[in-house]
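Quick notes on the structure that follows.
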Number of protein chains: 2
Amino acid sequence: MPAMRPEPAYQILRQRLREEIAAGTYPDGVRLPTESELVAEYGLSRQTVRRAFQDLVAEGAVYRVPGRGTYARDNAYLRQLGSIEDLMSLSEDTTMEVLQGLSRRVDVAAASRLRLDHDVVYTVVFRRLHDRRAGAQRPGETDGVPFVVTTVHLPEPVARLVGDAPELTTGAVSTNTVIGLLEPHLNQPIAQAAQSITVAPADGVAAGAVGCDQGHPMLRVDRLYSDTAAAPVELAVSYFLPEQYTYRVTLRRSG
Amino acid sequence: MPAMRPEPAYQILRQRLREEIAAGTYPDGVRLPTESELVAEYGLSRQTVRRAFQDLVAEGAVYRVPGRGTYARDNAYLRQLGSIEDLMSLSEDTTMEVLQGLSRRVDVAAASRLRLDHDVVYTVVFRRLHDRRAGAQRPGETDGVPFVVTTVHLPEPVARLVGDAPELTTGAVSTNTVIGLLEPHLNQPIAQAAQSITVAPADGVAAGAVGCDQGHPMLRVDRLYSDTAAAPVELAVSYFLPEQYTYRVTLRRSG
DNA sequence: CGTTATTTGTGCGTATGTATT
DNA sequence: AAATACATACGCACAAATAAC
């Protein structure tokens, strides 16, 4: 087992400030501690304090004004865009059908994107279907139109939390999301999902799952979910049928 | 006129590296220059070089491996577009080349999406190119790699505000965004941009503009900008070359 | 009005640790 | 084992923006 390295000082400070902000310690127009105050309080160098602030600015938690100070971003209104809640609510009117139950894999690419220091990940493959009006459904046949196939990769400790969930075994049908299944078990809540969206041809698995030709142009969405400590929790790679699905986001002005 | 402040050294370096990456100077497994090499080449301190790399990591352009080096992110040119500010800052490192100057059109579909009660809109078509290093550039020839073609539709009152802007006449080359040109003239600032992202085949215009085959699968992004009064201001329909471009957004938890 | 103190922004130098080759 | 390359952390100096006097 690799020796547990202590967290860097700037990350500890960042986390601490984040918690204070979340606790409402710095409402509306209240200035956060200045750099020099934090230097004095924690015995750190100014550069270290600055690094913590820099990260908080990057994640949108605070903004800084030269000569004036640092302020928490008003959390009340949606800051940037369609939120993570939107992703979770996907389950409301779609059905998830597991093609390949959660199992241990060796996958260098996925492991490195999850920032693991080894090659083992836990993987589950499923497709999602638009719900149809019940009624025209024959017994033993899953109802609905498949529009996306997703491969989810989890680090081992995370996978252990849902290892016995019946929703993630081959053939299971439910109206969940993986992240929705995970969240209640996590110590740190999910805070971020970084997405990359591009076009990619359907491979054999994707084509079979959604019923299109192999090589058909698909909307590929990669999502990396991270918790409040910025630790990767889940990597999801989805192939959407563009004929059945359009990705929508609304950006809002930050300041 | 305010005195022009020079850009910080780390931003200049960041921009330069970004351009080199876009120009394909560091394909697949090729390591970027090390910190010490850049220190020597540009006469900067290591901290300054690190700051540039830190920003490139944050925007997803490169990743770094301790003990090994810094590498450009795979094929595509990544750009974080998680806020309206990000959309506007597209102009920082890309060039806009007008193919079809701003002119009056009858377009029922565009007019209805702009919530107009008639069919007249004002339309401008342009493509955008990754900036490249100057030098290998012949006179009269635009330098760079085209990666997107955009059709912008404006309501008549909005079009009037920029009707005489030389940046929107056929053949004009600049480093603006349409929304950036518009904003200073608007009574209400832009507050929202609703986006739909899907896959669509390149039509004749798009194929010619970015140099791909007609029918080539493209990433299609429709954006509807609205002001604080929720009035539509601009409709932009873009076709991105997926080989040159990946759309990135980061979702955050609302509260 | 300018002056001064405060606060953040930029930039440099150095030292030490850790991962990779 | 040694060299290379990135990560963390400390220190200092000066510039620019802001606010209070």
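Labels below follow one simple rule: chain letters A, B, ... track the order of the sequence lines, proteins then strands, and each chain is numbered from 1. Values below: all heavy atoms of this structure, side chains included; hydrogens, waters and symmetry mates excluded.
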D/dA9 OP1/OP2 closer than 4.0 Å to side-chain N/O of A/Tyr10 | no
Determine: side-chain N/O of A/Arg64 to OP1/OP2 of C/dT7, distance under 4.0 Å, yes or no.
-> no
Examine D/dT8: is either OP1 or OP2 under 4.0 Å from a nitrogen or oxygen in the side chain of A/Thr48? Give yes or no.
-> no
Is B/Arg64 close enough and on-axis enough to B/Phe53, meaning under 6.0 Å and within 45°, for cation-pi?
-> yes
Between B/Gly69 and A/Ser45, whichever has its closest DNA chain D nucleotide further toward 5' is B/Gly69
Pairing partner of C/dT18, by Watson-Crick or G-U wobble and under 3.5 Å for both distances, is D/dA5
Between C/dT8, C/dG11, D/dT8, which nucleotide gets closest to the side-chain atoms of B/Ala9?
-> C/dG11
Can you find a side-chain donor-acceptor pair between B/Gln15 and B/Gln11 that sits under 3.5 Å?
-> no
In whole angstroms, how far is the P atom of C/dG11 from the CZ atom of B/Arg50?
-> 16 Å
Whether B/Phe147 and B/Phe240 hold their rings parallel, tilted or perpendicular, with breakpoints at 30° and 60° | tilted
Minimum-distance nucleotide to B/Pro8 side chain [options: D/dA5, C/dT8, C/dG11] = C/dG11
Does B/Ser36 put a side-chain nitrogen or oxygen below 4.0 Å from OP1 or OP2 of D/dT4?
-> no
Checking A/Arg31 against A/Tyr26: charged group under 6.0 Å from the ring centre and within 45 degrees of the axis?
-> no
Given DNA chain C, 5'-ward residue of the pair B/Val65 and A/Gly67, judged by closest heavy atom | A/Gly67
Let me know the distance between CD of B/Gln47 and P of C/dT14, rounded to the nearest Å.
-> 12 Å
Whole angstrom value for the distance that separates P of C/dC12 from OH of B/Tyr42 = 14 Å
Mind checking B/Phe53 for me? I need base, sugar-phosphate or nothing, with any heavy atom below 4.0 Å counting as a touch.
-> nothing
Rounded to the Å, how far apart are B/Arg46 CZ and C/dT16 P?
-> 14 Å
Over how many whole Å does the gap from B/Glu35 atom CD to D/dT8 atom P extend?
-> 11 Å
Test side chain to side chain donor-acceptor pair (under 3.5 Å) applied to A/Ser238 and A/Thr150, A/Asp222, A/Thr151, the passing residue | A/Thr150
Rounded off to whole Å, could you give me the CZ-to-C1' distance for the A/Arg51 and C/dG9 pair?
-> 16 Å
Rounded to the nearest angstrom, tell me the gap between atom CD in A/Gln54 and atom C1' in D/dA9.
-> 14 Å
Starting at CZ of B/Arg14 and ending at C1' of C/dG11, how long is that distance when rounded to a whole Å?
-> 17 Å
